[in-house]
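Below, chain A is the first sequence line, B the second, and so on; all start at residue 1. Please read these numbers as outputs of a predicted model, since none were measured by experiment.
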Amino acid sequence: MSFQAPKGVKEYVPPQASTFYAIRAAFAETARRAGYSYLETAVFEDTQLFARGVGESTDVVSKEMYTFTDRGGRSLTLRPEFTAGVLRAVLEHGLHRGQLPVKVWTDGPVFRAEAPQEGRYRQFYQLDLEAIGSEDPAVDAETIALAWQWYTTLGLTQVRLLLNSLGCRECRPIYRARLQEFLRALDLDEATRARIEINPLRVLDDKRPEVQEQLADAPLIGDHLCAGCKSYHDRVKQLLADLGIPWEDSPRLVRGLDYYTRTTFEFDHPLLGAQSGIGGGGRYDGLSEAIGGPALPGIGFGLGLDRTVIALEREGVEPATPARCEVYGVALGDEAARAMFTLVNDLRAAGVAADMAFGGKGLKGAMKGADRSGARFALILGERDLAARAVQVKDLTTADQTEVPLAQVVDVLKGKVQ
RNA sequence: GUGGGUGUAGCUCAGUUGGCAGAGCACCAGGUUGUGGUCCUGGGUGUCGAGGGUUCAAGUCCCUUCACUCACCCCA
């Protein structure tokens, strides 16, 4: 075959795809129980939405966007993250005119033009949850708790929660200036020196040991929070403690998107190597204004599905997936195949997961298919059975076989598989 | 974008100083035309990632390229 998926595009096929689907379904349940509604937003947006929302100075916007011009000459960009688009949709459809906070979630593919490696793809998948319109530490704690609950539900035990506050429009500028002053005195390469002027907080995130050494005495945002931010942050931590959710204070956690304010968090997994961040998010109180909306605070997160799947593999956890087939039809001969087709359809209508052998397979091949389908029961129907208006029901786990009248077989199986 | 590693069957991988492409698992057929999973017999299912070069001869050596992967960077 002369085609393959574009570079860096992660695909999920059976059987692994069932895990992928199952963990999304688990999140849907987690979000539903907490009063979050599902919404589906544009996969591509006006390029300016991301430039203004995420920030021109970020790596995501400056060098990782898939941007193209459509036939009308508009500049469009495949979403590199969810928050800006979700907020845009909430404002556009006026959801914020109702009761606040607006609590929504969505999921789907996200795109960034990066060099792919394990856990980092050009088309990857995120779950996104946002609570828009309330400035309340309980909302911050709720979002974090929901992500935590999801990881727990999946069976992950090694996820770490890193927590920080980035301050607000009052205290952050003062800290920022102080930090710049400190950083300018260091011995750093040109790219990093440029970053000092554009987004100095991100220099703190540098992983290079020679940089980290110099940062040992760097001023920390935690020591410069205003009274409001300080008490807000303390309250968030108090509520997390009430829920028994452990976190690590991470005074240098900055994250790459410009819109974050106050509460900022990241979920890390120790078994993932360099791409250890499996989820992250934070508060974005200025984002709405930045994209031309009203003052509207918000908080939310993105959870990486791809990295979560890897984390599950590394921890050796296999989320339960629903049985794909409970009853498998094996027919001998044309007339029996016709009757079986109807029977399988009736079983499905009655809520029983049913499949049958296709392609005119012989008995042996069809039975093999029954075995591989994972079905508990095989239904065997031949000329003799048709004449007797009955079907052979074979329990594949015990090899016990009984004859059941055709008219009763749906009800009988319905009882057996429950 | 920058460095390193790896590309051989559906999967995991062997393949010597260049000399007829292999193993296990999976898959297909038969043993058994009314019985799967066990067992027995048979079958290799392949553009050795792709393109070019050296050579009597290339999976093996050289060049280019693509993909994956690890790290930087970045973040989910």
When rounded to whole Å, the CG to C1' distance for the pair A/Leu363 and B/G31 reads 15 Å

Given B/A71, is OP1 or OP2 found less than 4.0 Å from the side-chain N or O atoms of A/Gln117? yes

OP1, OP2 of B/C75 versus side-chain N and O of A/Arg202: anything below 4.0 Å? yes

Give the rounded distance in Å between these two atoms: CZ of A/Arg372 and P of B/U35. 18 Å

Name of the residue among A/Arg283, A/Glu135, A/Arg262, A/Lys237 meeting side-chain hydrogen bond (donor to acceptor under 3.5 Å, both in side chains) with A/Tyr232: A/Arg283

Gap in Å between the two P atoms, one belonging to B/G49 and one to B/A14, rounded: 13 Å

Does the structure show A/Tyr125 stacking with B/A76, if we require the centres to be closer than 5.5 Å and the planes to be within less than 30 degrees of parallel? no

Look at atom CD of A/Gln401 and say whether more than 12 heavy atoms of other residues, nucleotides or ligands are closer to it than 6.0 Å. yes

Mind calculating the distance between NZ (A/Lys364) and P (B/U35) to the nearest angstrom? 10 Å

For B/U55, give its Watson-Crick or G-U wobble partner with both distances under 3.5 Å, or none. none

Quantified in whole Å, what is the P atom distance between nucleotide B/G4 and nucleotide B/G24? 38 Å

Across all strands, who's sitting opposite B/U6 as a Watson-Crick or G-U wobble pair, both distances under 3.5 Å? B/A67

Aromatic ring pairing A/Phe267/A/Trp148, orientation class (parallel under 30°, perpendicular over 60°, tilted between): tilted

Partner nucleotide, any strand, of B/A23 [Watson-Crick/G-U, under 3.5 Å]: B/U12

Ignoring the backbone of A/Glu64, work out which of B/U35, B/C70, B/C74 is nearest its side chain. B/C74

To the nearest Å, how far apart are A/Leu332 CG and B/G36 P? 12 Å

Could you tell me the separation between the CZ atom of A/Phe82 and the C1' atom of B/A76, rounded to a whole number of Å? 11 Å

Any side-chain N or O of A/Arg122 less than 4.0 Å from the OP1 or OP2 oxygen of B/A76? no

A/Asp371 atom CG is separated from B/U38 atom P, nearest whole Å, by 8 Å

On RNA chain B, does the nearest nucleotide to A/Ile380 precede the nearest nucleotide to A/Val9 from the 5' side, or the other way round? Give the residue. A/Ile380

State the pairing partner of B/G37; accept Watson-Crick or G-U wobble contacts with both distances under 3.5 Å, and report none otherwise. none

Using the C1' atom on both, measure B/A67 against B/G51 and round to a whole Å. 15 Å

Assess whether atom CZ of A/Arg178 is packed by more than 12 heavy atoms of other residues, nucleotides or ligands within 6.0 Å. no

For A/Gly8 and for A/Thr398, find the nucleotide of RNA chain B with the closest heavy atom, then tell me which residue's nucleotide is more 5'. A/Thr398

Proximity to the side chain of A/Gln4 - top-ranked nucleotide from B/A76, B/A67, B/G36: B/A67

Parallel, tilted or perpendicular: which describes the rings of A/Tyr12 and A/Phe20, with under 30° parallel and over 60° perpendicular? parallel

Given the options A/Leu201, A/Thr261, A/Thr263, A/Leu166 meets side chain to side chain contact (heavy atoms under 4.5 Å, CB included) only with A/Leu201

A/Leu129 atom CG is separated from B/A76 atom P, nearest whole Å, by 15 Å

